[in-house]
Protein chains: 2
Amino acid sequence: MATSRPRKKRETYHHGDLSNALVAAAIDLLSTGDAEQLTLREISRRVGVNHRAVYRHFADLTALLAAVAEQGYRQLLIALEASLAGVKRAGPEKRVEALACAYVAFALDNPAHYRIMFGRRLNEDGRFPVLEDLVQQAYVLIDVEMGAGIEQRRFIQRPRRELVFAFWSLAHGFASLALVARINVKRTLVEPYVRQIVAPFITGL
Amino acid sequence: MATSRPRKKRETYHHGDLSNALVAAAIDLLSTGDAEQLTLREISRRVGVNHRAVYRHFADLTALLAAVAEQGYRQLLIALEASLAGVKRAGPEKRVEALACAYVAFALDNPAHYRIMFGRRLNEDGRFPVLEDLVQQAYVLIDVEMGAGIEQRRFIQRPRRELVFAFWSLAHGFASLALVARINVKRTLVEPYVRQIVAPFITGL
DNA sequence: ACCTGAACACCGTTCAAGT
DNA sequence: ACCTGAACACCGTTCAAGT
């Protein structure tokens, strides 16, 4: 039976693209559970494959988590860009405010995924340049807004780097504290809450 | 041999205060290693006791980690109070700045311990009221400073709560990003760096 | 090439026993 | 009371084998 062979192959080998299937399954698990429950064995179980098969595509669990984090940064970048597109003709203050709202909303909508992105240090040995590049893209996105505000003399005249990190610290810090429930935010009230938190910062810009 | 009995007891039972010894051993491990390496079995090994002995004193690993986190908050509170004592006659801006520096310095000096305090949510089921109380004490400490600034009309006239969370977000966010190496801070340059990051916020207060 | 089975050294936790 | 031993169900990873 020559025709049954590819079928059987599919049933055992299961995939043309196991690599992406694993990342997708991991993200799916993150959407319903905690970041701690995301194990190599659980992910492969979800895909219906022996847990050893993971090692064909990823050097270790950290490499798989890095791919998951990369996907998270891609989604975050899209969300941030979308938020800026909504305030195209607004001043730099409004744009920065929109950015902060979108950032925190992303973290609260994808808490476990966000924890993978910012929880452990995944790229300690510099194995994942793509991950580093995506982080850099997020940095640049903020940097452009800060640069515009400085150039238009609407923001405080300070090195862009400082303002970018200050903004990022504020957004990430608020998101983190909300995720560990040190700050209690109702999802529907994220935007006004973030605006309040960011207000003194923006006033000081 | 009646005299050998208490001795033997000490050699096997090993402690009058196993509870505190476990917490101390855990903190000691955190001072040299990562937060992930801190396991129940490793801690008990360090104390020289069977790992099952832990369950005499703590309901589970989370309860032990909560005790470790509590100790961390006590140390953090002392560090924050000490920093305020150093700027007793200064204006509220300077005092808030000192607070931020001390906060970030604590996180960078005790990275693994800080991660236990702010990494996972330990008190999800409200089992550790002491932990919650210590967090509250930290909140109040910041709140008092913000309240003073508002009352003296040196800060923006907004609800204290907002300013406290904004400050905490900024300090915690900066510390977190530094710990995952998204921001690169040399330990000796923490203070000037934090001052720069906090500057626009304080200007806006 | 791609996947699996058995095994190893870990982990937190439970149960029943030892002193 | 306080601690231990053996066992259980997990985990990531290695080695050798299966198709």
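Computation of the quantities below employed the complete heavy-atom set of this structure, encompassing side-chain atoms and omitting hydrogens, waters and symmetry-equivalent molecules. Being a predicted model, the structure only gives us computed values, none of them experimental. A, B, ... follow the sequence lines: proteins, then strands. Residue 1 opens every chain.
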Salt bridge B/Arg195-B/Glu191, side-chain N to carboxylate O under 4.0 Å: yes

Selected nucleotide, minimal atom distance to A/Asn50 side chain, candidates C/dT4, C/dG12, D/dG12: C/dT4

Answer with yes or no after comparing the ring centroid distance for A/Phe165 and A/Tyr139 against a 6.0 Å cut-off, counting only values under it. yes

In whole angstrom, what separates A/Ile43's CD1 from D/dC11's C1'? 12 Å

Rounded to the Å, how far apart are A/Glu42 CD and D/dA9 C1'? 14 Å

Would you mind telling me which of C/dG5, C/dT13, C/dC15 lies closest to the side-chain atoms of A/Arg52? C/dG5

Of the listed nucleotides (D/dC11, C/dG12, C/dC3), which one gets closest to any side-chain atom of A/Arg56? C/dC3

Would B/Asn110 and B/Gln75 count as having a side-chain donor-acceptor pair, cut-off 3.5 Å? no

In whole angstroms, the gap separating C1' of C/dG12 from CZ of B/Arg120 amounts to 12 Å

Got a minute to check which stems DNA chain D is part of, using Watson-Crick or G-U wobble pairs under 3.5 Å, three or more consecutive? C:4-8 with D:12-16, C:12-16 with D:4-8

Whole angstrom value for the distance that separates P of D/dC3 from CG of B/Asp17: 11 Å

A/Arg45 side chain, from C-beta outward: closest of D/dT14, D/dT4, D/dC11: D/dC11

Residue whose closest nucleotide on DNA chain D lies nearer the 5' end, A/His51 versus B/His57: B/His57

Below 4.0 Å: OP1/OP2 of C/dT13 and any side-chain N or O of B/Tyr55: yes

Keeping the roles fixed (side chain from A/His57, backbone from A/Asn20), state whether a donor-acceptor pair exists under 3.5 Å. no

Reading DNA chain D from 5' onward, which residue's closest nucleotide shows up sooner: A/Gln37 or B/Ala53? B/Ala53

Spacing between B/Phe58 atom CZ and C/dT14 atom C1', to the nearest angstrom: 19 Å

Pair A/Arg56, A/Ser19: side-chain N/O donor-acceptor within cut-off below 3.5 Å: no

Length of the CZ-P vector between B/Arg41 and D/dT4, whole Å: 13 Å

Gap between atoms CG and P, on B/Leu40 and C/dT14 respectively (whole Å): 11 Å

Does a side chain donor of either B/Arg95 or B/Ser83 reach within less than 3.5 Å of an acceptor in the other side chain? no

Using whole Å, report how far CG of B/Leu64 lies from P of C/dT13. 10 Å

With distance as the sole criterion, is a donor-acceptor pair present between the side chains of B/Tyr103 and B/Trp168 under 3.5 Å? yes

